[in-house]
Amino acid sequence: MVPLPVDFMDISARLQSLPTMAPRPTATSINAFEDALVDVLSTILLAQDEDHGYRGLVESVEIYALTTAIPWRDWPDPGPTRRGTSINPHPTEGENLDASAARA
């Protein structure tokens, strides 16, 4: 199973709404931040668990096990991949490029 591609700009926009811990972190602000982060991560689609998304990244194994019967799996980094694959789609896919743009 291959992880679904994630759009950086979309995720970055979602993370802008996280509560702040300024001027200094307290137990209440840290818990509020973690709860909001889990809510955001659960909305990002993931092939391994479409209902709970990436929330397993930040939740403890025990808490995540109470949420779902599917254990969290850390996906290995595929490393450098060829542009145009499902893991690394090319931004100009489907466009006709001239020779100089294709070389670039």
Side-chain angles (χ1 to χ4, degrees):
M1 199 173 353
V2 176
L4 300 172
V6 177
D7 181 39
F8 174 78
M9 296 306 291
D10 176 42
I11 303 308
S12 149
R14 291 183 196 194
L15 294 176
Q16 294 297 319
S17 65
L18 292 177
T20 182
M21 289 187 263
R24 67 184 187 97
T26 63
T28 304
S29 64
I30 292 171
N31 287 337
F33 181 86
E34 183 182 3
D35 290 343
L37 182 60
V38 166
D39 290 342
V40 169
L41 292 176
S42 65
T43 63
I44 303 169
L45 293 179
L46 177 66
Q48 111 180 11
D49 190 358
E50 294 176 2
D51 295 331
H52 303 292
Y54 281 89
R55 72 186 295 164
L57 278 174
V58 294
E59 284 187 331
S60 69
V61 175
E62 294 82 13
I63 298 296
Y64 190 71
L66 295 172
T67 307
T68 179
I70 303 168
W72 175 256
R73 177 178 168 207
D74 285 324
W75 292 94
D77 183 3
T81 57
R82 184 174 60 83
R83 297 291 299 245
T85 62
S86 62
I87 292 176
N88 191 5
H90 197 278
T92 59
E93 187 173 1
E95 296 179 18
N96 292 325
L97 304 176
D98 60 5
S100 61
R103 277 190 292 275

Do Ile44 and Ile11 have side chains that get closer than 4.5 Å, going by heavy atoms?
yes
Spacing of Met21 atom CE and Thr28 atom OG1 [to the nearest 0.5 Å]
12.5 Å
If Ile, Leu, Val, Met, Phe, Trp and Tyr residues are connected whenever their side-chain heavy atoms lie under 4.5 Å apart, and connections chain through other members, are Ile70 and Tyr54 in the same group?
no
Roughly how far apart are Arg55 CZ and Trp72 CH2, rounded to 0.5 Å?
11.0 Å
Of the non-hydrogen atoms in Val58 and Glu34, which two are nearest, and what is the gap between them?
O-OE2, 4.1 Å
Once you round to the nearest 0.5 Å, how far does CG of Asp10 lie from OG of Ser12?
9.0 Å
If Ile, Leu, Val, Met, Phe, Trp and Tyr residues are connected whenever their side-chain heavy atoms lie under 4.5 Å apart, and connections chain through other members, are Val40 and Ile63 in the same group?
no
Any chance you could measure Arg14, atom CZ, to Asp7, atom CG, to the nearest 0.5 Å?
9.0 Å
CD-OG1 distance between Glu62 and Thr67, expressed to the nearest 0.5 angstrom
11.5 Å
Leu18 and Leu37 have their tightest heavy-atom pair at CD2-N, 3.6 Å
Heavy-atom closest contact (Thr20 atom, Ser29 atom, distance)
O-CB, 4.2 Å
